Student: 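Before anything else, here's the structure in question.
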Amino acid sequence: MPPAPTPDSTLAQEGWIDEIHQGVRYGLAGRVLHEQQSPFQRVTIIESERYGKGLLLDGCWMTAEHQERHYHEPLVHPALCGAERIERVLVIGGGDGGTARECLRHPEVRHLDLVEIDGLVVEWSQRHLPSIGGGCWSDPRLHLTVGDGIAWAHQAPDASYDVVIVDGSDPAGPAEGLFNRAFFVQCQRLLRSGGVFATQSESPEAFRQVHLDTVRLLREVFGHADPLYGWVPMYPSGWWSWTFAALDGPRYRQARAERAAAVAEGCQIWSPRWQEGAFGAMPAFIARELATP
Ligand code: SPD
């Protein structure tokens, strides 16, 4: 897979914070509150006018208080509403806590391993973006490990999770290894029968090749994989995707009614109806590309 284009730079123009990608600026009016180089990446906390406080890693938008639901709900609920059981969940990445928070809204989840490589992301998210993790940090079902999620995936026993979710950043820097065959094979090995895998799979516009390669690779490894399309307005192009895979058929496409009922009321974006449309919203050029090997 070719490396994802890295942002040209973050333009620190007075009053604006921008991710610049392939000649386009994706920016918010605001100011930088904290910035530090961790052992893995440059971590930035900002305050924006429109979306509240937000997080960038290496100059790329990750999340913001008043927009994170556009990203976390579509990543979590198709998987958690589609898997046969959801007792044991693994989240790789996701150090801001938003993915874990959405998973833990499902009462059937008994144990959630959250493995985030960068302790500074967790620490600053807990301190500066507490609404994103919500109650997840004190939920006894959450087991946080600051460590390498790729190594975790290689070392965990076969069939040890019902759901595996990858909430990484773009495939450059520490997240690069979250998009390759060796990693996906391990994720597949970790799933119990009836399990579901989910990953953010980049933009069909701004990261088209990475998106296509990711869907193709997951189809090869799992036998079934389908992208779902939605919007994360502050990400490059605003048009985003999440891809789901399972061994025993596309069970992630159909939300189980009782699980959906338990969470839908508290969602801003996701609902079974939204999910059905979002799986169906594959653009024609992507459908044509995916039809050819
Ligand atoms: N280009 C941004 C991709 C970011 C995906 N992960 C965001 C982390 C939110 N929990």
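Note that the coordinates shown come from a computational prediction; the quantities given were computed from them, not determined experimentally. Just so you know, ligand 1 is whichever comes first in the structure, and atom 1 is the first atom listed for that ligand.
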Student: Are E108 and R259 close enough for a salt bridge, meaning some N to O gap below 4.0 Å?
Tutor: yes
Student: When the ring centroid of H21 is compared with that of F207, is the distance short of 6.0 Å?
Tutor: yes
Student: Does a salt bridge link D226 with R219, judged by any charged N lying under 4.0 Å from a carboxylate O?
Tutor: yes
Student: Test your reading of the structure: does H72 have an N or O sitting under 3.5 Å from an N or O of ligand 1?
Tutor: yes
Student: Identify the closest protein heavy atom to atom 7 (C) of ligand 1: which residue and atom is it, and at what distance?
Tutor: Y235 OH, 3.3 Å
Student: Decide yes or no for R31 and I46: does some side-chain heavy atom of the first lie under 4.5 Å from some side-chain heavy atom of the second?
Tutor: no
Student: Report the part of W61 in contact with ligand 1, treating N, CA, C, O as backbone and CB onward as side chain, heavy atoms under 4.0 Å; options are side chain, backbone, both, neither.
Tutor: backbone
Student: Please confirm whether the ring centroid of F184 lies under 6.0 Å from the ring centroid of F197.
Tutor: yes
Student: Starting from atom 8 (C) of ligand 1, what is the nearest protein heavy atom, named by residue and atom, and what distance separates them?
Tutor: D167 OD1, 3.3 Å
Student: So that I can tick it off, tell me whether E35 and R42 are bridged by a salt bridge, with the cut-off set at under 4.0 angstrom between side-chain N and carboxylate O.
Tutor: yes
Student: Any N or O of S169 that comes nearer than 3.5 Å to an N or O of ligand 1?
Tutor: no
Student: Taking the six-membered ring for Trp, are H111 and Y161 closer than 6.0 Å centroid to centroid?
Tutor: no
Student: Any N or O of T99 that comes nearer than 3.5 Å to an N or O of ligand 1?
Tutor: no
Student: Please list the nearest protein heavy atom to atom 5 (C) of ligand 1 with its residue and the distance rounded to 0.1 Å.
Tutor: G168 O, 2.9 Å
Student: Using a 4.0 Å heavy-atom cut-off, say whether W240 meets ligand 1 through its side chain, its backbone, both or neither.
Tutor: side chain
Student: Report yes if P236 has an N/O atom closer than 3.5 Å to an N/O atom of ligand 1; otherwise report no.
Tutor: no
Student: Determine whether any heavy atom of G97 lies closer than 4.0 Å to an atom of ligand 1.
Tutor: no
Student: Does ligand 1 come near enough to D96 that some N or O of the ligand is less than 3.5 Å from an N or O of the residue?
Tutor: yes
Student: Just need the protein heavy atom nearest to atom 3 (C) of ligand 1, so name the residue and atom and give the distance.
Tutor: D170 OD1, 3.4 Å
Student: Kindly say whether the aromatic ring centers of Y235 and W61 come within a distance under 6.0 Å.
Tutor: no
